[in-house]
Amino acid sequence: MNFDFSDDQKLLKEQVRKFLTDKCSYAVPRRILDSDEPYAKEVWKGLVEMGLTGTAIPEAYGGLGLGALELCVIAEELGRAVAPVPFSSSVYLASEAIKLFGTEKQKQTWLPKLASGEIIGTFAISEGLHAPSAHNTRTSFAGGKVNGVKTPVADGDIADVAVVVVNAGGKDKVSLAIVDLKGAGVSREVLRTLDPTRSHAAVTFKDAPAELMDSAGDGWSQVSRILDGAAVLFAFEQVGGAEAALEMARDYSLERYAFGRQIGSYQAIKHKLADIYVKKELAKSNAYFGAMMLNDEGSELPEAAAASRIAGNDAYVFAAQESLQTHGGIGYTWEANTQFHYRRAKLLALAVGASVQWKEKLVQRLEAKNAA
């Protein structure tokens, strides 16, 4: 069984890496961190011009008509560059949600605009500190209107359209609704997070006009499928970030001398770098299996997505922390670039649910599978 990417996918990966190397050095996230800019518009424009925002959108709706594997290789490079762009919100979540569960009219209306980068999308599910579920979704849909508060919403301050998880009436009756965030009844408040290079907001809906998506079947199963797909793609971002953090630590350990020796020659530093590598490779293997299941819509996608998410969280946070430790005191300064991976690792670890939530999902899914 071949788990490797094809030559065309590797070429795409190289092209994305070259673009991000040229246009998204660490100076770019530093600029966003030091300013009020919500994202790097020039980097986003470049990704749009390359057609990457329409990667997995069918050609009939203005996209490239490629698949999940192409999105995975793009995600890995975005993670490596800690790119400050709304790609995950608009592409992994909003576009995929509409592609999978939108009505034909909704697909024709929104997908071409998302593919062309004319608009930015996001996915609104969280309503506070508790883990979202069908039982505690309070944002309501009735009479074509949405009422409630979603917080935090990634890129909620800049997005033009949102796919919102709503209670459509009745106990645990969850559905998906599309809301034009530029329309009436929507207000937004920017939130501060550990990683300001990825903006977030609290979005309040007060009789905001909305349109239900195709709700045939269980709405929460649709939400779970969207989150599973995003979990795999975020895992690739985390693998890319972990590799970059490892390389940063390795390079510094070869340049920095202490007591007349490269610090990389000391066993303690060697162990740190080796431990990062082991966790990164474990995350990579899980991400590759998740990619295969996502691309083929395999029956093991729920378990593979959860495993990818858990391993990705663990690897990236560990790599960012150990890279910072390897740099010593200078790693804690504002001038050091180690902070970008630390900030992004912590943020991504919560992006579509924390590890504890995904561990619980994995156990539940394995139990259900074994009981079947």
Side-chain angles (χ1 to χ4, degrees), residues 38-39 44 47-48 52-57 61 63 67-68 70-72 74-75 78-79 83-102 106-107 110-111 113-115 117 119-127 131-132 137 139 150-166 174-181 188 193 195 198-201 203 210 213-214 219-238 290-291 294 301-302 305-306 308-309 312 344 347-354 357-358:
Y39 67 105
W44 177 249
L47 295 171
V48 169
L52 303 184
T53 48
T55 298
I57 294 176
Y61 303 111
E70 286 75 18
L71 273 185
C72 289
I74 294 169
L78 291 171
V85 291
F87 198 90
S88 57
S89 298
S90 194
V91 179
Y92 307 168
L93 290 162
S95 296
E96 285 295 295
I98 295 172
K99 183 183 77 173
L100 290 171
F101 304 117
Q106 290 166 346
K107 292 177 184 178
W110 298 108
L111 289 181
K113 295 178 181 179
L114 289 164
I119 63 172
I120 294 170
T122 190
F123 187 73
I125 180 172
S126 179
E127 296 184 358
T137 298
T139 300
K150 293 292 187 180
T151 180
V153 180
D155 302 299
D157 55 326
I158 60 173
D160 302 285
V161 63
V163 175
V164 185
V165 179
V166 296
V174 170
S175 296
L176 297 170
I178 298 178
V179 180
D180 182 351
L181 296 181
R188 302 184 254 192
T193 69
D195 184 7
R198 294 289 291 111
S199 63
H200 287 69
V203 183
M213 295 170 65
D214 187 357
W220 190 255
S221 68
Q222 297 176 346
V223 173
S224 295
R225 169 58 185 82
I226 294 166
L227 295 179
D228 285 345
V232 174
L233 294 166
F234 276 120
F236 273 90
E237 276 201 29
Q238 291 166 317
L294 180 60
L301 175 59
S308 298
R309 179 68 178 152
R344 186 59 60 84
L347 185 72
L348 289 183
L350 298 173
V352 283
Q357 299 168 25
W358 285 93

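Counting from 1, the numbers follow the sequence of the chain as shown.
At distances below 3.5 Å, not a single donor-acceptor pair connects side-chain atoms of Arg225 with backbone N or O atoms of Trp220. In this structure, the side chain of Glu70 engages the main chain of Gly67 through a donor-acceptor pair within 3.5 Å. One N or O on the side chain of Arg188 and one on the backbone of Gly156 form a donor-acceptor pair closer than 3.5 Å. Although no hydrogens or angles enter the test, the distance criterion places no donor-acceptor pair under 3.5 Å between the side chain of Ser90 and the main chain of Phe87. In this structure a side-chain-to-backbone donor-acceptor pair under 3.5 Å is present from Asp160 to Ile120.
Residues Ser199 and Asp157 approach most closely at OG-OD1, 2.8 Å, considering heavy atoms. Closest approach of Ala291 to Val232, counting heavy atoms only: N-CG1, 3.6 Å. Of all the heavy atoms in Trp44 and Gly117, the pair that sits closest is NE1-O, 4.4 Å. Looking at every heavy atom in both residues, Ala306 comes nearest to Trp358 through CA-CE3, 3.6 Å. Ala56 and Leu71 make their closest contact through CB-CD1, 3.8 Å (heavy atoms, listed as atom of the first residue, atom of the second, distance). Closest heavy-atom contact between Ile57 and Lys99: CA-CD, 4.5 Å.
Taking OG of Ser308 as the start and CZ of Phe234 as the end, the distance is 13.5 Å to the nearest 0.5 Å. Rounding to the nearest 0.5 Å places CD1 of Ile119 at 4.0 Å from CG of Leu114. Rounding to the nearest 0.5 Å gives a distance of 5.5 Å between CG of Leu233 and OH of Tyr92.
At a cut-off of 3.5 Å, with distance as the only test, a side-chain donor of Thr139 or Glu127 sits close to an acceptor on the other residue. Of the N and O atoms on the side chains of Asp155 and Thr122, not one donor lies less than 3.5 Å from an acceptor on the other residue.
Counting heavy atoms from C-beta outward, Leu181 and Val203 have side chains that approach closer than 4.5 Å. Contact of the Thr55 side chain with the Ile74 side chain is registered, since non-hydrogen atoms from C-beta on lie closer than 4.5 Å. Side-chain contact between Ile226 and Ile125 is absent, with no heavy-atom pair separated by less than 4.5 Å. Looking at heavy atoms from C-beta onward, Val153 lies out of side-chain contact with Ser126 at the 4.5 angstrom threshold. Under the 4.5 Å side-chain criterion, counting only non-hydrogen atoms from C-beta, Ser224 is not in contact with Pro302. Side-chain contact check for Gln238 versus Arg309: some heavy-atom pair is nearer than 4.5 Å. Taking 4.5 Å as the limit, every side-chain heavy atom of Val166 sits out of range of all side-chain heavy atoms of Leu176. No side-chain heavy atom of Glu96 sits less than 4.5 Å from a side-chain heavy atom of Val91.
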| query | What do the steps show when you test Thr137 against Lys150 for side-chain contact (heavy atoms from CB on, under 4.5 Å), and what is the final call? | reply | CA-CA 10 Å; Thr137 298; Lys150 293 292 187 180; 4.2 Å; yes
| task | Would you check, one step at a time, whether the test side-chain contact (heavy atoms from CB on, under 4.5 Å) holds for Val164 with Phe123? | result | CA-CA 6 Å; Val164 185; Phe123 187 73; over 6 Å; no
| field | Residue pair Glu237, Ser88: steps toward the side-chain contact (heavy atoms from CB on, under 4.5 Å) verdict | value | CA-CA 10 Å; Glu237 276 201 29; Ser88 57; 4.1 Å; yes
| field | Evaluation steps, side-chain contact (heavy atoms from CB on, under 4.5 Å), between Gln222 and Ser175 | value | CA-CA 8 Å; Gln222 297 176 346; Ser175 296; over 6 Å; no
